[in-house]
Structure formats: structure tokens, C-alpha cells
There are 2 protein chains.
Amino acid sequence: MNEILNLSIGCENCPIQHRAVCARCDAGELEQLEAIKYYRSFEAGQTVIWSGDRMEFVGSVVSGIASLTQTMEDGRTQMVGLLLPSDFVGRPGRESASYDVVATTDLVMCCFRRKPFEKMISETPHVAQRLLEMTLDELDAAREWMLVLGRKTAREKIASLLSIIGRRDASLKLEGISGKMVFDLPLTREAMADYLGLTLETVSRQMSALKRDGVIELEGKRHVTVPSFQRLLDEAGDDSDGGLMA
Amino acid sequence: MNEILNLSIGCENCPIQHRAVCARCDAGELEQLEAIKYYRSFEAGQTVIWSGDRMEFVGSVVSGIASLTQTMEDGRTQMVGLLLPSDFVGRPGRESASYDVVATTDLVMCCFRRKPFEKMISETPHVAQRLLEMTLDELDAAREWMLVLGRKTAREKIASLLSIIGRRDASLKLEGISGKMVFDLPLTREAMADYLGLTLETVSRQMSALKRDGVIELEGKRHVTVPSFQRLLDEAGDDSDGGLMA
DNA sequence: CGACGTGTTGAACATTGTCAAGACTAGTGG
DNA sequence: CCACTAGTCTTGACAATGTTCAACACGTCG
């Protein structure tokens with residue numbers, strides 16, 4: 001059920017306030033944004049926007065996970081972005097969507113009507129500057145992913161994905177990323193395959209292999225325990241140190 | 001020979017003026033930029049910046065082609081960006097480079113000292129807005145490339161690369177992209193392989209195959225004739241219409 | 001001429017994809 | 001409560017695609 005929520009949650013209580021596109025805004029700017037914003041929620045599996053559709057809004061993921069995917073005529077699909085809470089959806093200055101946006105889990109979005117938002121971009125530097133920062137971060141992530149897609153083996157691809165999800169999960173829970181790590185996979189095997197440029201069978205096989213080799217432990221299909229994060233990083237082929245945070 | 005050029009070419013005669021990061025600037029802003037800019041030239045094969053090095057400047061490609069590459073410990077490398085005239089190099093707000101930047105052909109860059117440039121970003125909205133636009137375009141290009149890397153066959157990858165180079169070349173020469181098309185490849189087989197996530201042998205084989213099948217004609221190794229651009233797009237597996245320009 | 005950088009081609013091999021069967025889980029209706 | 005179904009996941013056998021290793025061709029520069 002796709003629902004436009006009437007309750008207008010105030011920006012001051014917003015859980016993504018400090019990381020979203022509005023992070024730099026002062027009180028007056030937030031007020032302007034409040035005037036053009038509304039919330040929408042989507043169920044897991046629902047499509048938020050179809051590629052090619054006219055975009056009526058841009059916005060931020062408040063909770064849940066969405067994916068950006070591209071599909072070829074014959075059905076081959078590639079996920080080109082994983083949108084987590086605080087990530088921005090949509091492109092100011094563009095009429096129609098370039099990718100399918102699909103809710104991977106239940107999802108809540110904070111939407112801004114596109115036209116007034118574009119006006120704000122051109123008038124208030126705080127929004128444009130924050131959006132620039134976020135876009136540069138996404139570009140880095142996309143390029144990182146190009147290395148994964150172009151040069152890593154299936155096993156390394158899986159380990160890379162697990163380390164990304166684990167790292168993000170730890171930062172949400174404000175945990176360190178040393179030693180043991182436990183999290184739930186928010187993706188089906190098929191979604192993992194679409195992200196990694198593999199088939200779901202290969203994903204399944206490599207998950208089994210990593211389990212067999214003690215790199216991960218599985219309870220059910222989705223609950224993952226990583227005994228040693230460093231070991232996982234080694235399997236991913238990433239530069240060794242892993243940028244350990246204190 | 002890496003040379004800092006003394007002759008300060010004025011911005012008013014700049015060939016990339018209308019597309020570069022300074023495209024939106026008014027006279028006063030251009031004057032500010034002139035004060036912090038200098039030109040550097042690089043020979044084909046030279047490294048412009050090493051990944052991890054401190055960035056003293058950001059800047060624009062004026063002429064020639066540069067590539068952004070990422071390398072794993074064991075030597076596997078992936079090109080994550082192809083920088084053409086007017087493209088921007090560097091990331092404001094970051095101390096050190098994330099990728100190797102290599103001159104693929106002889107190269108001239110218009111460099112801005114980083115600190116003053118960052119100051120301009122935060123003070124003059126025209127630069128920040130243009131940079132946002134350009135970054136969004138690059139993000140789209142990177143995502144497009146993720147589909148190529150993740151889901152296309154070797155033959156489709158080659159055809160995709162050729163169509164991108166051909167399209168860009170046509171737009172430089174202000175030609176249409178219908179029918180016949182002739183251009184020189186600015187990349188070695190190895191560079192093509194690094195871009196496409198293939199080995200150079202596979203690139204060579206698929207080039208031969210496309211030639212044998214009449215999709216392209218080759219004079220020498222680098223001079224390419226495409227008898228039918230539509231045919232090439234079909235081989236690339238891209239959405240059919242190809243966005244034909246009038 | 002010989003050496004080097006670049007590119008092509010062949011044969012054997014490895015990794016991943018394809019197709020197919022079956023396991024596990026949760027939900028539905030008798 | 002159980003059987004049935006649908007969705008997700010696992011596993012096996014085999015095929016296909018791309019890689020590796022090796023030999024050789026071509027052109028340029030000393």
C-alpha cells in the first residue's frame with residue numbers, strides 16, 4: 001500500500017537530519033523545505049519510480065532501503081545504486097527518471113516537490129553545496145563499484161558486498177568495525193546477484209563456500225555473523241588496512 | 001616533459017569555456033579564477049596524479065584525454081573514468097587523490113590551486129552549481145558503465161565503447177550521428193581492456209570479430225570506420241532508438 | 001639489422017552461466 | 001492440523017564465455 005502520510009513529522013525530530021540534503025540548512029531554509037515536503041511510504045517490492053517516468057518529486061530515504069536498477073531489453077538487469085537512509089533520490093534539472101527505483105525493504109521517503117526544490121537549489125547555496133558533497137560521495141561509491149564489477153572474482157564480489165553492508169550496519173549501530181560483526185542481509189540472493197553482476201546461483205554457491213571456509217556463519221538465509229572483519233576484507237581483495245576507525 | 005606553461009591564455013579564448021566548470025561565471029568570477037589558475041601539459045603516458053598523493057590543485061582538461069584508474073594490490077586495474085576536454089579533475093574538500101590520473105594522449109590541463117578554489121565554491125554559487133551539474137552527469141555516466149561492466153558480453157562491451165567514442169567524436173566535429181562515422185581510437189588495446197574489465201586478448205579478438213562481421217572497418221590498428229551507427233548500437237545492446245539527434 | 005612496443009591468433013584451461021531437480025519456509029485453505 | 005502452494009534458496013551436471021600462456025606479425029626507432 002503506497003500511502004501519502006498526512007502527519008507532517010517536524011524536521012527537528014528527523015532521524016536523518018544531520019546527514020541528508022538538508023543537513024546544512026538554517027531555520028529559515030528548513031521552514032521553506034517543510035512547505036514543499038511530504039512523506040510517502042512503500043512496501044518491500046514496490047516500485048517507487050519507473051525509469052522514463054516524469055519525476056514529480058525528489059527526496060531522501062528516511063528509513064528502509066531502495067535500489068536503483070537499469071534493465072536491458074532482454075531482461076538482464078544491473079543494480080547501479082543502493083539507497084540507504086539519508087541518501088538522495090532524483091536529479092534536479094531532469095524531467096524524467098533515468099533508473100527504476102524499487103523499495104527493497106519497507107521504505108519511507110521524505111519527498112520535495114521538484115519545481116520548488118529546484119528553485120531552492122538555485123537560490124540557497126546551503127542545499128546546493130550539501131547536494132554537491134553527497135553527489136561526489138556517490139560518484140566515489142559508483143567508481144569503487146566499477147572495480148568490483150570489472151575486476152573482482154565472484155568470491156571477492158560477495159565478500160565486498162558483505163563488507164559494505166557490515167560496515168554500514170556497524171556505523172548505524174555506532175559499533176566499531178573490529179573483530180566480530182553480526183547483521184541481517186537486506187537483500188535476496190537475486191538482488192545480490194543484480195548488484196554484483198552475477199547469477200543468483202553463483203551468489204548462492206559463493207555464500208556456501210564462504211560459510212564452508214569459516215569466513216562467515218549463517219543462521220537461516222539472511223542472518224550473517226562475521227567472526228573476523230579483517231578476514232572478510234582480505235577475501236574482498238581490498239587494500240589491507242581497511243581504514244580502521246579508532 | 002611536464003611543463004608549467006607561463007603563457008597565460010585568457011579565459012575569453014578558452015576552447016572549453018562553455019562546457020567547463022567555469023561555464024556559468026560572470027566577468028568578475030572569471031577574473032578571480034584567472035588569479036588562481038595555471039596551465040600544465042603532460043605527455044601521453046605520464047601520470048598526472050598518483051592515488052593517495054596530496055592534491056595541490058583541481059582543474060579541467062583543456063585538450064587531450066586522461067583516464068582515472070584504480071589498481072588492486074596484485075596489479076588488476078580498472079579504469080573508472082575517461083576524462084575528455086572540459087571534464088573536471090579532483091574533488092574539492094578532499095586532501096588526497098582517490099585514483100591515479102594518467103594522460104592517455106598528450107594533455108593540457110587548466111589547474112586551479114585547491115584552497116582558493118574551495119573558497120570560491122563556498123562563496124560563488126555559479127561555480128558550485130555548475131560543478132554539481134557536471135558531477136551529476138558523471139554519476140550518470142558511471143552508472144551507465146556499471147551496466148556495461150556487470151551485464152554485457154565482451155562483444156557488447158566493445159561495441160559500447162566504440163559507440164561512446166564515436167558519439168563524442170561526432171559531437172566534437174559537430175557532425176550528426178546517423179549513417180557513416182570515422183574516427184581514431186585514442187586508446188591502446190590494453191587501455192580498452194582496462195576500461196571494459198576484459199583482457200587485451202579478448203579485446204583484440206572481439207575487434208577482429210566485429211571487423212569480420214562488417215560492423216566496423218579498420219585501417220591500421222586505430223583508425224575505425226563505422227558504416228552504420230545504428231548497427232553498432234544494436235551490437236552494443238543499447239536501447240534501440242539511440243536518441244537520434246535531428 | 002635488431003629490439004621494443006603493440007597487436008593478433010591459437011590451444012588448453014578456468015570460472016561462471018544455464019538448466020534442472022529438489023530443499024526449506026511461510027502462508028493458505030480444507 | 002495437515003496438505004498444498006509459492007517463493008526463496010541450494011546443489012549438481014554440463015555448456016559457454018573469457019582467461020592464460022605462448023607464438024608470432026607488424027611498425028618504429030635506435
Side-chain angles (χ1 to χ4, degrees), chain A residues 43-46 72 74-78 102 104-106 148-162 184-213 216-224 235 237, chain B residues 43-46 72 74-78 102-105 148-162 184-213 216-224 235 237:
Chain A
E43 288 187 344
Q46 257 194 302
M72 295 172 65
D74 60 7
R76 283 176 281 176
T77 79
Q78 175 66 48
V102 179
T104 293
T105 64
D106 288 348
V148 173
L149 289 174
R151 291 302 186 193
K152 291 196 178 179
T153 65
R155 171 183 263 245
E156 289 169 333
K157 285 178 173 181
I158 299 285
S160 297
L161 179 58
L162 292 176
D184 284 305
L185 274 176
L187 302 175
T188 64
R189 298 287 185 268
E190 188 179 17
M192 292 173 70
D194 284 346
Y195 203 158
L196 296 167
L198 298 170
T199 59
L200 66 89
E201 291 94 333
T202 299
V203 170
S204 184
R205 272 187 253 275
Q206 296 298 335
M207 288 289 287
S208 300
L210 288 174
K211 179 180 169 188
R212 175 167 32 73
D213 298 344
I216 60 175
E217 291 153 26
L218 285 174
E219 270 175 278
K221 313 301 184 184
R222 301 288 195 87
H223 192 78
V224 180
E235 292 289 350
Chain B
E43 288 187 344
Q46 258 195 303
M72 295 172 66
D74 61 7
R76 283 176 280 177
T77 80
Q78 175 66 49
V102 179
T104 294
T105 64
V148 173
L149 290 174
R151 292 300 186 193
K152 291 196 177 177
T153 64
R155 172 184 263 244
E156 288 169 333
K157 285 178 173 183
I158 300 284
S160 298
L161 179 58
L162 292 176
D184 284 305
L185 274 176
L187 303 175
T188 64
R189 297 288 185 266
E190 188 180 16
M192 293 173 69
D194 284 346
Y195 203 157
L196 296 168
L198 297 170
T199 59
L200 67 88
E201 292 94 332
T202 300
V203 170
S204 183
R205 273 186 253 276
Q206 295 298 335
M207 288 289 287
S208 300
L210 288 174
K211 178 180 169 187
R212 175 166 32 74
D213 298 344
I216 59 175
E217 290 153 25
L218 285 173
E219 270 175 279
K221 314 300 184 185
R222 303 287 195 88
H223 192 76
V224 179
E235 293 288 350

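In what follows, every heavy atom counts, from backbone to side chain, and hydrogens, waters and symmetry copies are set aside. Since the structure is predicted, the reported quantities are computational estimates derived from the model, not experimental observations. In what follows, chains are A, B, ... by sequence order, proteins preceding strands, each numbered from 1.
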> Who pairs with B:Arg205 by salt bridge (Lys or Arg N to Asp or Glu O under 4.0 Å), at least two apart in sequence or on another chain?
Replying inline: none
How close do [X] and [Y] get, counting heavy atoms only, and between which atoms?
| X | Y | result |
| --- | --- | --- |
| A:Gly45 | A:Val102 | O-CG1, 3.9 Å |
| A:Ala193 | A:Leu200 | CB-N, 3.6 Å |
| A:Leu149 | A:Tyr195 | CD2-O, 3.6 Å |
| B:Lys152 | B:Ser160 | NZ-OG, 3.0 Å |

>> Classify A:Gly197 by what it touches in the nucleic acid, base, sugar-phosphate, or nothing, heavy-atom distance under 4.0 Å.
In response: sugar-phosphate
For [X] and [N], what is the distance between atoms [atom1] and [atom2] respectively, to the nearest whole Å?
| X | N | atom1 | atom2 | result |
| --- | --- | --- | --- | --- |
| B:Arg151 | C:dT18 | CZ | C1' | 13 Å |
| A:Asp74 | C:dT18 | CG | C1' | 15 Å |
| A:Gln206 | C:dA14 | CD | C1' | 13 Å |
| B:Arg155 | D:dA16 | CZ | P | 17 Å |
| A:Glu156 | C:dT15 | CD | C1' | 13 Å |
| B:Arg76 | D:dT19 | CZ | P | 12 Å |

Could you write out each protein N or O paired with an N or O of nucleotides 5-12 of chain D at a distance under 3.5 Å?
{"unit_1": "D:dC9", "atom_1": "OP1", "unit_2": "A:Arg222", "atom_2": "NE", "d": "3.1"}
{"unit_1": "D:dC9", "atom_1": "OP2", "unit_2": "A:Arg189", "atom_2": "N", "d": "3.0"}
{"unit_1": "D:dT10", "atom_1": "OP1", "unit_2": "A:Arg189", "atom_2": "NH2", "d": "3.3"}
{"unit_1": "D:dT10", "atom_1": "OP2", "unit_2": "A:Arg189", "atom_2": "NE", "d": "2.7"}
{"unit_1": "D:dT10", "atom_1": "OP2", "unit_2": "A:Ser204", "atom_2": "OG", "d": "2.6"}
{"unit_1": "D:dT10", "atom_1": "O5'", "unit_2": "A:Ser204", "atom_2": "OG", "d": "3.1"}
{"unit_1": "D:dT11", "atom_1": "OP2", "unit_2": "A:Ser208", "atom_2": "OG", "d": "2.6"}
{"unit_1": "D:dG12", "atom_1": "N7", "unit_2": "A:Arg205", "atom_2": "NH1", "d": "2.9"}
{"unit_1": "D:dG12", "atom_1": "O6", "unit_2": "A:Arg205", "atom_2": "NH2", "d": "3.3"}

> Once you round to the nearest 0.5 Å, how far does CD of B:Gln206 lie from NZ of B:Lys157?
Replying inline: 10.5 Å
